[in-house]
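Written below as structure tokens is the structure these notes are about.
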Amino acid sequence: MSKTPQQNPTTDASAASVIHTQAHSSGLQQVPQLVPVSPGGGGKAVPPSKQGKKNSFVDRNSDEYRQRRERNNMAVKKSRLKSKQKAQDTLQRVNQLKEENERLEAKIKLLTKELSVLKDLFLEHAHNFADNVQPVGTETTTTNAENSGQ
């Protein structure tokens with residue numbers, strides 16, 4: 001058995017994570033993996049857009065803060081309404097599909113009964129037809145006897 005080769009971990013500029021490449025035992029494909037730099041390894045990587053904002057102090061009495069909160073509140077309200085509407089649409093669609101399913105099941109039952117009746121009629125007719133048909137030898141004799149009598 002061969003050991004899987006591994007590259008040494010390298011840190012990037014943010015030191016949030018490293019790319020760790022591990023090759024499969026076949027040696028044909030390398031799979032990059034994100035590995036946390038910190039020894040604990042339990043933290044989440046912070047996106048670059050959030051890194052600088054973490055330590056900044058926000059004055060809750062400022063107009064900018066109030067505008068942001070107002071925009072956020074409107075966005076949350078819009079999102080919740082959209083989610084509620086989507087749930088209602090889904091429920092309505094489910095009810096429509098249930099009704100359609102019930103109609104189709106009733107139609108299946110009706111068509112199954114009709115098929116059964118038609119099969120019975122066909123088999124009865126085929127059975128009666130087979131009983132009325134005479135063997136080939138006797139049929140010719142009766143026909144010849146009828147013709148000679150005329």
Side-chain angles (χ1 to χ4, degrees), residues 1-54 65-150:
M1 243 189 221
S2 65
K3 254 187 167 178
T4 57
Q6 296 180 350
Q7 284 185 348
N8 291 336
T10 57
T11 59
D12 61 359
S14 68
S17 61
V18 295
I19 301 293
H20 186 261
T21 307
Q22 179 181 13
H24 290 283
S25 59
S26 65
L28 298 176
Q29 183 181 12
Q30 292 187 353
V31 180
Q33 297 175 343
L34 283 177
V35 179
V37 173
S38 63
K44 291 184 178 178
V46 180
S49 62
K50 300 280 183 177
Q51 286 176 355
K53 295 180 182 180
K54 204 173 196 180
Y65 175 77
R66 289 179 191 200
Q67 287 175 352
R68 284 185 180 182
R69 291 302 318 142
E70 196 172 313
R71 280 198 317 254
N72 181 262
N73 289 342
M74 286 189 294
V76 167
K77 188 182 287 186
K78 183 179 175 183
S79 174
R80 288 178 181 159
L81 283 174
K82 188 177 178 182
S83 176
K84 190 175 183 179
Q85 182 64 42
K86 188 175 181 182
Q88 288 176 348
D89 291 346
T90 302
L91 185 61
Q92 184 179 4
R93 181 72 174 137
V94 165
N95 289 333
Q96 287 174 347
L97 290 173
K98 282 182 179 179
E99 289 174 6
E100 183 181 358
N101 192 34
E102 288 173 4
R103 282 194 308 271
L104 291 172
E105 285 178 358
K107 190 173 184 177
I108 287 171
K109 285 181 181 178
L110 178 68
L111 290 173
T112 304
K113 286 180 182 178
E114 186 177 344
L115 177 65
S116 177
V117 167
L118 291 173
K119 266 186 185 178
D120 291 344
L121 285 173
F122 175 77
L123 291 174
E124 184 180 330
H125 178 70
H127 182 67
N128 288 340
F129 183 73
D131 288 345
N132 290 337
V133 173
Q134 297 175 350
V136 176
T138 35
E139 184 179 323
T140 359
T141 348
T142 26
T143 311
N144 288 340
E146 289 174 3
N147 288 340
S148 60
Q150 289 181 352

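Residue indices begin at 1 and follow the sequence shown.
The line from CD of Glu102 to CD of Glu105 is 7.5 Å long, rounded to the nearest 0.5 Å. Between Tyr65 atom OH and Arg68 atom CZ the span is 10.5 Å, to the nearest 0.5 Å.
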Problem set entry | Chi angles and distances behind the side-chain contact (heavy atoms from CB on, under 4.5 Å) call for Val76, Arg80 | CA-CA 6 Å; Val76 167; Arg80 288 178 181 159; 3.3 Å; yes
Problem set entry | Intermediate values then yes/no, side-chain contact (heavy atoms from CB on, under 4.5 Å), Glu124 and Asp120 | CA-CA 6 Å; Glu124 184 180 330; Asp120 291 344; over 6 Å; no
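Each of Leu115, Ile108, Leu110 was evaluated against Thr112; a single residue qualifies, Ile108, per the side chain to side chain contact (heavy atoms under 4.5 Å, CB included) test.
Looking at His127 and Leu123, their side chains never come closer than 4.5 Å, going by heavy atoms from C-beta outward. A 4.5 Å side-chain heavy-atom check between Arg93 and Gln96 finds at least one atom pair inside the cut-off.
In this structure, Thr90 contributes its side chain and Lys86 its backbone to a donor-acceptor pair below 3.5 Å. With Asn73 contributing its side chain and Arg69 its backbone, the two residues share a donor-acceptor pair below 3.5 Å.
In Gln88, the CD atom is crowded: over 12 heavy atoms of neighbouring residues, nucleotides or ligands sit closer than 6.0 Å.
With sequence neighbours left out, the side-chain contact (heavy atoms from CB on, under 4.5 Å) criterion links Arg103 to Glu99, Glu100.
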